There are 2 protein chains.
Amino acid sequence: MTVMKDKIVSLADKLIRVKGFNAFSYKDIADPLEVKNAAVHYHFPSKADLGMAVVAGEMERFRHNVQQWKPLPEDEQLGRLFDVFRKHCYAGNVCLMGSLAPDYETLTPGMQEKVSDMAEAILEWVTDCLENGRQHKRFHFKGSAGDRALLVISNLQSSLLMARVMGTDTFDRISRQLLEDLRS
Amino acid sequence: MTVMKDKIVSLADKLIRVKGFNAFSYKDIADPLEVKNAAVHYHFPSKADLGMAVVAGEMERFRHNVQQWKPLPEDEQLGRLFDVFRKHCYAGNVCLMGSLAPDYETLTPGMQEKVSDMAEAILEWVTDCLENGRQHKRFHFKGSAGDRALLVISNLQSSLLMARVMGTDTFDRISRQLLEDLRS
DNA sequence: CAAAATACTTACTTACCAGTAAGTAAGCAA
DNA sequence: TTGCTTACTTACTGGTAAGTAAGTATTTTG
């Protein structure tokens with residue numbers, strides 16, 4: 001990936017999180033980077049190509065993160081995931097899933113697949129994290145790890161959405177509660 | 001409200017839930033109703049006016065519902081709220097908050113206020129429901145009722161989003177877990 | 001050194017969007 | 001029956017959207 005390509009994806013990522021996929025245009029990317037919209041089309045012929053690159057970038061960061069967290073105890077691993085979301089909250093972002101899921105029906109099949117893959121990858125990781133954490137007595141919860149993981153992800157996702165509407169402390173109230181529930 | 005006005009709001013409601021506020025146009029409303037887009041502008045001069053009418057309609061339904069649920073025990077009242085969301089899930093809808101929150105930064109101040117009011121009204125009701133339910137020993141949970149209510153709402157909201165990406169049973173897995181947690 | 005690939009710009013197209021101005025048919029009201 | 005209101009239609013505007021074709025400067029490569 002070239003420098004410009006990186007800049008475009010990074011800006012698109014921010015725009016998707018702040019304005020939503022259908023509310024930003026190539027102009028919103030071209031202007032700040034001081035190029036013409038055709039330059040953006042050169043790197044990403046269609047908006048769906050750009051969207052898929054953004055999702056792919058997020059997936060790569062996620063995989064890199066969980067790899068680095070591996071030596072940590074499970075409760076701390078999950079805490080790191082919460083930290084990622086907390087940073088997004090303070091930056092005024094929502095998560096990619098939270099932004100793209102409402103627009104899901106308007107996305108190309110290619111993008112839908114990428115979004116769906118992302119959801120499954122995160123769910124799988126949280127499920128394993130919870131399952132292992134329970135075995136090591138670091139987490140305590142009823143029901144299956146998979147169901148509990150859905151609950152955790154769903155909370156992380158919409159706490160960012162609610163924080164946007166009701167203020168940033170909404171995120172902290174939800175995530176604190178959630179972590180406390182799991183630890184006791 | 002005239003018949004046509006009702007039809008427009010009802011169609012707009014569906015479009016917001018399925019495609020998102022920024023992804024539907026006046027044409028999407030005018031065509032199925034077999035009128036011209038100017039007719040829609042006649043009833044709702046700007047798209048924000050239409051959006052606010054949709055939110056107001058949802059608020060009215062919500063107020064009407066909770067009024068009707070009042071005689072029920074609190075756990076059943078909350079169950080009814082879950083039923084409303086479940087029906088949306090099966091209809092392929094997300095909730096209004098789930099759809100409008102990601103687009104929040106692109107909304108007019110007037111719409112932002114309506115969305116914010118809606119969020120607070122729902123939070124207030126769920127908080128009271130949980131608080132009263134706990135006093136009557138029908139709910140059991142740690143922490144404040146307000147924080148717990150945030151968790152409940154956040155789960156309802158994003159379970160609809162996740163259901164869209166991962167399939168409808170996602171909603172049931174999350175909501176079942178959530179209700180069981182509260183009852184025991 | 002020539003050819004080819006890279007990374008754009010210029011200039012454009014097609015399509016759609018929200019919104020509006022002006023007109024009209026039907027109904028009601030004094 | 002005249003005037004006013006309601007509920008539209010017709011016809012349009014200005015703006016913006018995604019996307020493209022053709023050209024150009026720069027770098028890379030055989």
Side-chain angles (χ1 to χ4, degrees), chain A residues 1-55 57 99-100 102-112 114-115, chain B residues 1-16 18-55 99-100 102-112 114-115:
Chain A
M1 267 236 235
T2 65
V3 175
M4 178 59 74
K5 230 175 161 175
D6 265 330
K7 282 183 185 171
I8 292 171
V9 171
S10 158
L11 227 178
D13 180 283
K14 178 73 185 176
L15 285 165
I16 289 174
R17 291 176 199 269
V18 173
K19 301 180 65 174
F21 187 73
N22 289 316
F24 85 90
S25 73
Y26 272 40
K27 194 178 188 309
D28 295 326
I29 289 170
D31 285 356
L33 297 181
E34 292 176 293
V35 294
K36 302 295 160 183
N37 83 66
V40 184
H41 277 287
Y42 168 75
H43 291 288
F44 302 97
S46 79
K47 205 178 173 183
D49 293 323
L50 178 50
M52 287 191 281
V54 168
V55 175
S99 175
L100 294 174
D103 297 339
Y104 195 73
E105 303 296 328
T106 72
L107 304 178
T108 63
M111 271 205 74
Q112 289 185 344
K114 286 272 173 195
V115 171
Chain B
M1 268 237 237
T2 64
V3 175
M4 179 58 73
K5 231 174 159 175
D6 265 332
K7 282 183 184 170
I8 293 171
V9 170
S10 158
L11 228 178
D13 180 282
K14 179 72 183 174
L15 285 164
I16 290 174
V18 173
K19 301 180 65 175
F21 187 73
N22 289 315
F24 83 89
S25 74
Y26 273 41
K27 195 180 188 306
D28 294 327
I29 289 170
D31 284 356
L33 298 180
E34 292 177 293
V35 294
K36 302 296 160 182
N37 83 68
V40 184
H41 277 287
Y42 168 75
H43 291 288
F44 301 97
S46 78
K47 206 178 174 185
D49 294 322
L50 178 51
M52 288 191 281
V54 168
V55 176
S99 175
L100 295 174
D103 297 339
Y104 195 73
E105 303 296 328
T106 72
L107 305 177
T108 62
M111 271 205 75
Q112 288 186 344
K114 286 272 174 194
V115 171

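Keep in mind that the numbers below use all heavy atoms, side chains included, and drop hydrogens, waters and symmetry copies. Reminder, nothing fancy here: chain letters follow the sequence lines and each chain counts from 1. Here the structure is a predicted model, which means the values were calculated and not measured.
Shown here is K14(B), whose NZ atom has more than 12 heavy atoms of other residues, nucleotides or ligands within 6.0 Å.
One distance of note links CD1 of I16(A) with CG of L50(A); it measures 6.5 Å at 0.5 Å rounding. Here the CG-CG distance, from D103(A) to D103(B), works out to 6.0 Å after rounding to the nearest 0.5 Å. We find the CD1-NE2 distance between I29(B) and H41(B) to be 9.5 Å, quoted to the nearest 0.5 Å.
Qualifying side chain to side chain contact (heavy atoms under 4.5 Å, CB included) partners for D49(A), counting only residues two or more places apart in sequence or in other chains: F44(A), P45(A), S46(A), M52(A). Remark: T106(A) engages N22(A) in a side chain to side chain donor-acceptor pair (under 3.5 Å) (not counting sequence neighbours). Partners of K27(B) according to the side chain to side chain donor-acceptor pair (under 3.5 Å) rule, which considers only residues two or more places apart in sequence or in another chain, are D31(B). Taking K47(A) as the reference, nothing meets the side chain to side chain donor-acceptor pair (under 3.5 Å) condition, with sequence neighbours excluded.
Remark: F24(B), S25(B), Y26(B) in residues 18-26 of chain B come within less than 4.0 Å of DNA chain C through at least one heavy atom.
Once you apply a 4.0 Å limit to the heavy atoms of chain B, the touched nucleotides of DNA chain C run 5' to 3' over dC17(C) to dT20(C).
Atom OH of Y42(A) is separated from atom P of dG23(D) by 18 Å (rounded to the nearest Å).
Counting any heavy atom pair closer than 4.0 Å across all strands shown, K47(A) reaches sugar-phosphate atoms only and no base atom.
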